[in-house]
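Atom set for the values below is all heavy atoms of this structure, side chains included, hydrogens, waters and symmetry mates excluded.
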Amino acid sequence: MSQTNRNILLGISGGIAAYKAPILVRRLREQGANVRVVLTKGAKAFVTPMSLQAVSGHPVVDDILDPATESAMGHIDLARWADEVIIAPASANLVARLAAGMADDLLTTACLATTAPVILAPAMNQQMYLHPATQANLATLERRGVTLWGPDSGDQACGEVGPGRMWEPDAIVAAWLEWVAERSAPQPLAGQRLLLTAGPTREALDPVRFLSNHSSGKMGFALAAEAARMGAEVTLVAGPVALPTPAGVTRIDVESAQQMLDAVMAALPGQEIFIGCAAVADYRPVAVADNKIKKANARMTVELERNPDILATVASQPQRPFTVGFAAETDNVEQYARDKLTRKGLDLIAANDVSQPGQGFNANDNALTLYWADGHKSLGHSDKRQQARLLLETIADHKACQ
Ligand code: C5P
């Protein structure tokens with residue numbers, strides 16, 4: 001598929017992989033993209049502006065203080081012109097400058113001035129890549145919504161072996177085509193407000209201990225990411241998980257079931273869809289000790305009380321959103337799921353058989369079956385992002401019929 005007329009601002013920073021940049025420009029143009037190139041100072045040691053000008057068909061710019069460049073297409077015009085910014089290779093130094101929000105050359109200035117998505121193809125020595133400073137910088141950028149393509153692992157120009165090889169131009173073009181196709185896909189949830197819970201909850205025993213479970217939050221975060229991609233305005237109430245916030249999603253972090261309920265009820269007015277995906281602890285300790293509990297006897301007893309049921313509470317509101325729950329079962333999946341659907345007063349429930357290896361809790365894949373009052377649908381086995389897409393499409397269809 002030709003992606004005619006997408007405007008790509010291609011940034012090139014200083015690294016040996018920059019020699020592949022002219023091929024990347026050609027491949028992107030073969031797909032119909034308009035490519036304008038911005039070099040950092042370091043990049044010019046590896047690739048010449050002249051060759052990039054020849055393959056891109058546009059003047060190549062590198063100097064923010066060049067009056068000729070600024071009068072033609074300056075940094076703000078470039079930033080506005082771009083549909084996406086791709087930086088390949090992205091060196092450790094460039095990654096650090098972007099993470100710090102610096103604007104000390106044309107490329108970093110354009111990145112600060114643009115509203116277009118920024119994608120990095122990192123390339124550097126494996127030790128530099130693995131250094132905690134670089135890892136922290138990459139994590140900061142990801143949290144801000146920057147997309148990372150690569151790096152690959154393997155032989156490096158410096159003779160070492162490890163992670164830090166830039167993706168090949170063909171792999172970058174393939175990823176870009178997929179990325180663009182995803183963004184131009186239909187948005188069946190455009191303008192809808194969707195609230196969901198994800199991850200486990202923690203129920204404190206004392207200031208240092210808690211009861212919890214193994215929920216990774218992956219399914220809920222995949223739902224949040226996919227709903228945002230489908231055009232929804234997403235609020236994600238998340239228990240303690242180690243996952244980055246998906247692009248375009250508003251996240252509220254909580255710990256206990258009570259805090260999760262409070263956050264959900266505060267965010268609920270005006271929501272059109274609610275999905276309870278969190279593995280909420282069913283019970284919490286009756287008393288939370290003020291100080292660390294000391295070991296004394298061979299046995300100790302902890303008295304627990306029931307937590308509020310967040311999903312059932314939402315479903316019982318007079319003006320409630322389309323309400324969807326999850327059921328993780330090890331046997332009699334349909335019977336238990338349907339029972340939950342009725343008992344909690346839901347519009348739809350997504351059930352998974354957690355006795356099957358490789359799906360459900362903590363896994364990357366899932367195989368959901370959806371049940372509603374007068375029907376059901378199996379989503380087959382796939383990764384959680386695909387399951388999320390299929391579930392959200394079903395929700396959109398049901399809402400359209402309401
Ligand atoms: O009753 P059970 O915990 O099996 O139900 C699972 C569904 O209910 C999930 O959607 C989960 O997010 C939700 N739930 C809840 N609050 C609870 C317990 C479960 O929202 N206290």
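- Here Arg251 pairs with Asp253 in a salt bridge; the nearest charged N to carboxylate O distance falls below 4.0 Å.
- Residues Ile349 and Val324 form no side-chain contact, since every pair of their non-hydrogen atoms from C-beta on lies 4.5 Å or further apart.
- With 3.5 Å as the limit, one finds a donor-acceptor pair spanning the side chains of Thr394 and Lys377.
- At a threshold of 4.5 Å between non-hydrogen side-chain atoms, the residues Glu226 and Gln386 do not count as touching.
- For the side chain to side chain contact (heavy atoms under 4.5 Å, CB included) with Leu189, the qualifying choice from Glu393, Met230, Arg229 is Met230, the only one to do so.
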Evaluate side-chain contact (heavy atoms from CB on, under 4.5 Å) for Cys158 paired with Asn125, printing each intermediate quantity in order.
-> CA-CA 7 Å; Cys158 52; Asn125 163 273; 3.4 Å; yes

Begin with the C-alpha distance, continue with both residues' side-chain angles, and end with the deciding distance and a verdict on side-chain contact (heavy atoms from CB on, under 4.5 Å) for Val47 and Tyr19.
-> CA-CA 6 Å; Val47 63; Tyr19 80 90; 5.8 Å; no

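- Here the side chain of Gln135 pairs a donor or acceptor atom with the backbone of Tyr129 at under 3.5 angstrom.
- No more than 12 heavy atoms of other residues, nucleotides or ligands sit less than 6.0 Å from atom CD of Glu303.
- Between the side chains of Thr108 and Asp105, at least one donor N or O sits under 3.5 Å from an acceptor N or O.
- Val254 and Pro240 make their closest contact through O-CD, 3.5 Å (heavy atoms, listed as atom of the first residue, atom of the second, distance).
- Considering every non-hydrogen atom in both Gly150 and Trp167, the closest pair reads CA-NE1, 3.1 Å.
- The shortest heavy-atom contact between Asp83 and Ala116 is O-CB, 3.5 Å.
- For the residue pair Trp372 and Asp347, the shortest heavy atom distance occurs at CB-O, 3.5 Å.
- Looking only at distances, a side-chain donor or acceptor of Arg29 sits under 3.5 Å from a matching main-chain atom of Val55.
- One finds a salt bridge joining Arg338 and Glu334 here, because a Lys/Arg side-chain nitrogen approaches an Asp/Glu carboxylate oxygen to under 4.0 Å.
- Side-chain atoms of Leu195 and Ile273, non-hydrogen and from C-beta on, never get closer than 4.5 Å to each other.
- Within the 3.5 Å criterion, the main-chain N or O of Pro89 finds a donor-acceptor partner in the side chain of Ser13.
- Judged by distance alone, the side chain of Asp206 and the main-chain N or O of Ile293 form a donor-acceptor pair under 3.5 Å.
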Determine, stepwise, if the pair Ile12 / Val38 fulfils side-chain contact (heavy atoms from CB on, under 4.5 Å).
-> CA-CA 6 Å; Ile12 303 175; Val38 177; over 6 Å; no

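- Remark: the Trp176 side chain and the Glu84 side chain contain an N/O donor-acceptor pair separated by less than 3.5 Å.
- Applying the salt bridge (charged side-chain N to carboxylate O under 4.0 Å, His left out) definition to pairs two or more places apart or across chains, those involving residues 184-204 are Arg193-Glu233, Arg202-Glu255.
- Remark: the Asn93 side chain and the Ser91 side chain contain no N/O donor-acceptor pair separated by less than 3.5 Å.
- If you run side-chain hydrogen bond (donor to acceptor under 3.5 Å, both in side chains) between Lys218 and each of Asn364, Asp383, Asp365, only Asn364 comes through.
- A donor-acceptor pair under 3.5 Å is absent between the side-chain atoms of Asn352 and the main chain of Val354, judged by distance alone.
- Applying the side chain to side chain donor-acceptor pair (under 3.5 Å) test to Asp339 and every residue at least two apart in sequence or in another chain returns Arg343.
- In this structure, the side chains of Thr134 and Met124 come closer than 4.5 Å at one or more pairs of heavy atoms.
- Residues Leu148 and Leu141 have side chains not in contact (no heavy-atom distance under 4.5 Å, counting atoms from C-beta outward).
- Donor-acceptor pairing under 3.5 Å is lacking for the side chains of Asn307 and Gln258.
- Checking each of Asp309, Thr313, Thr323 against Lys344 for a side-chain hydrogen bond (donor to acceptor under 3.5 Å, both in side chains) leaves exactly one that passes, namely Asp309.
- Judged as a ring-ring contact (aromatic ring centres under 6.0 Å, His included), and not counting sequence neighbours, Trp81 has no contacts.
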Tell me, with the steps shown, if Ile119 and Ile87 meet side-chain contact (heavy atoms from CB on, under 4.5 Å).
-> CA-CA 6 Å; Ile119 299 157; Ile87 305 182; over 6 Å; no

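- Put simply, the side chain of Pro117 does not reach to within 4.5 Å of the side chain of Val85, judged on heavy atoms.
- Remark: the backbone N or O of Arg165 is not paired with any side-chain donor or acceptor of Gln126 at under 3.5 angstrom.
- No side-chain heavy atom of Leu236 sits less than 4.5 Å from a side-chain heavy atom of Thr197.
- With respect to Arg306 and Asp282, no salt bridge is recorded, no charged nitrogen being found less than 4.0 Å from a carboxylate O.
- Rounding to the nearest 0.5 angstrom, the gap separating the CZ atom in Arg97 from the CG atom in Leu94 is 5.5 Å.
- Between Val333 and Thr369, the closest side-chain pair of non-hydrogen atoms is not below 4.5 Å.
- No more than 12 heavy atoms of other residues, nucleotides or ligands lie within 6.0 Å of CZ in Arg80, so this atom counts as exposed by the packing criterion.
- Smallest separation of non-hydrogen atoms from Ala224 and Val234: O-CG2, 3.9 Å.
- Rounded to the nearest 0.5 Å, atoms CG (Leu223) and SG (Cys277) are 5.5 Å apart.
- The heavy-atom pair separating Thr114 from Ala79 by the smallest distance is OG1-O, 2.8 Å.
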